[in-house]
Each structure stands twice: as structure tokens, then as C-alpha cells.
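Here's the structure we're looking at; comments come further down.
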Amino acid sequence: QVQLVESGGGLVQPGGSLRLSCTASGTIFRFDAMGWYRQAPGKQRDWVATITGGGGANYADSVKGRFTISRDHAKNTVYLQMNSLQPEDTAVYYCRNQVRDYWGQGTQVTVSS
């Protein structure tokens with residue numbers, strides 16, 4: 001049994017920053033690629049970023065240069081540092097084990113003044 005638990009969401013003003021965390025418990029696949037996705041109200045779930053087991057990262061064009069994905073193998077945790085947030089970044093953010101298709105429950109990010 002694998003559990004992915006996201007945290008770190010909240011309300012932030014435009015231009016602000018948040019750091020999301022996704023911690024894995026249960027059977028740990030330490031070198032699986034992990035991803036972040038987001039789903040805005042009434043829209044499909046979109047891919048945001050992926051990090052490989054070796055630390056290589058890829059980003060959606062919409063977040064490139066503003067978001068950074070990272071991981072700490074010792075803590076079984078993947079992070080998403082989000083800077084220069086804009087209202088269009090408002091969504092529920094999910095982490096996913098890209099190899100085994102495990103999903104977390106999501107954490108809400110709201111960007112509003």
C-alpha cells in the first residue's frame with residue numbers, strides 16, 4: 001500500500017510564493033519519477049512538472065521559470081516551490097507516482113488579492 005500525502009497549499013496574494021510537499025509512505029519506490037499536476041475548477045487535470053529518480057526535471061511551459069520541483073530521498077518527499085504566483089495558478093495540486101500511477105488527495109492553492 002502506497003500513500004501520497006500533499007501539504008502546503010493555501011491562500012496567497014498574486015506575486016507570492018508557496019512550497020508544496022508530497023510525502024510517500026508505505027512501500028517506497030525511491031527512484032520512481034514523480035510528478036505534480038493541477039486541476040482548476042471546471043477544467044481538466046493538467047501536468048505541471050516531473051522529477052526523475054536522478055533529479056532531472058521538466059516543466060509545463062505555463063510554469064517554467066516560476067516553479068521548481070525537487071525531492072529529498074531521505075524524507076521520501078517531493079516538493080514544488082511556486083514563485084510569482086498568479087490567479088491562473090489557482091487549482092487543486094496533486095502529486096503522482098509517474099511509474100505506478102499512484103495519486104495523492106490534493107491540496108488547494110488559491111491565488112487572490
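Here, residue 1 is the first one in the sequence, and each next residue gets the next number. Computation of the quantities below employed the complete heavy-atom set of this structure, encompassing side-chain atoms and omitting hydrogens, waters and symmetry-equivalent molecules.
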Just how far is it from atom SG of Cys22 to atom OH of Tyr102, taken to the nearest 0.5 Å?
13.5 Å
With Val78 as partner, the option from Thr50, Asp72, Ile51 fulfilling side chain to side chain contact (heavy atoms under 4.5 Å, CB included) is Ile51
Would you check if there is a donor-acceptor pair between the side chains of Tyr94 and Arg38 at a distance under 3.5 Å?
no
Check: His73 side chain, Gly53 main-chain N or O, donor-acceptor pair, under 3.5 Å:
yes
Return the minimal non-hydrogen interatomic distance between Glu6 and Gly104, and the atom names on each side.
OE2-CA, 3.2 Å
Please report the closest heavy-atom contact between Asn97 and Met34, naming both atoms and the distance.
CA-SD, 3.5 Å
Decide whether Leu85 and Leu80 are clustered together by the hydrophobic rule: side chain heavy atoms of Ile, Leu, Val, Met, Phe, Trp, Tyr closer than 4.5 Å, transitively.
yes
Report yes or no: does Arg71 contribute a side-chain atom to a donor-acceptor pair with the main-chain N or O of Thr52 at less than 3.5 Å?
yes
Is there a path from Val99 to Val2 through hydrophobic residues (I, L, V, M, F, W, Y) whose side chains come within less than 4.5 Å of each other?
no
Separation between CD of Gln105 and CG of Leu4, rounded to the nearest 0.5 Å
9.0 Å
Going by distance alone, is a donor N or O of one side chain under 3.5 Å from an acceptor N or O of the other, for Thr77 and Thr23?
yes
May I have the step-by-step check of side chain to side chain contact (heavy atoms under 4.5 Å, CB included) for Gln81 and Ser17, ending in yes or no?
CA-CA 7 Å; Gln81 177 67 43; Ser17 297; 3.9 Å; yes
Just by modelled atom types, is the Arg96 backbone N or O under 3.5 Å from a matching donor or acceptor in the Arg100 side chain?
no
As an exercise, state the distance from CG of Asp32 to CG of Asp101, rounded to the nearest 0.5 Å.
11.5 Å
Which distance, rounded to the nearest 0.5 Å, do you find between the OG of Ser113 and the CD of Gln13?
7.0 Å
Spell out, yes or no, whether Leu20 and Tyr37 are grouped together once hydrophobic residues are joined by side-chain heavy atoms under 4.5 Å, including indirect joins.
no
Kindly say whether Thr110 contributes a backbone atom to a donor-acceptor pair with the side chain of Ser112 at under 3.5 angstrom?
no
Please answer: with hydrophobic residues joined when any side-chain heavy atoms are less than 4.5 Å apart, are Leu18 and Val92 in the same cluster?
no
Between OG on residue Ser7 and CZ on residue Arg19, distance to nearest 0.5 Å:
9.0 Å
Close side-chain approach of Trp47 to Trp36, heavy-atom, < 4.5 Å:
no
Polar side-chain atom of Gln39 near backbone of Tyr93 as donor-acceptor pair, under 3.5 Å
no
Please confirm whether the backbone N or O of Ile69 pairs with a side-chain atom of Tyr59, one donor and one acceptor, at under 3.5 Å?
yes
Are more than 12 heavy atoms from other residues, nucleotides or ligands located less than 6.0 Å from atom CD of Gln3?
no
dist Asn83:CG -> Asp89:CG (nearest 0.5 Å) comes out at 10.5 Å
Are Val111 and Val63 in one and the same hydrophobic cluster, where Ile, Leu, Val, Met, Phe, Trp and Tyr link if side-chain heavy atoms are under 4.5 Å apart?
yes
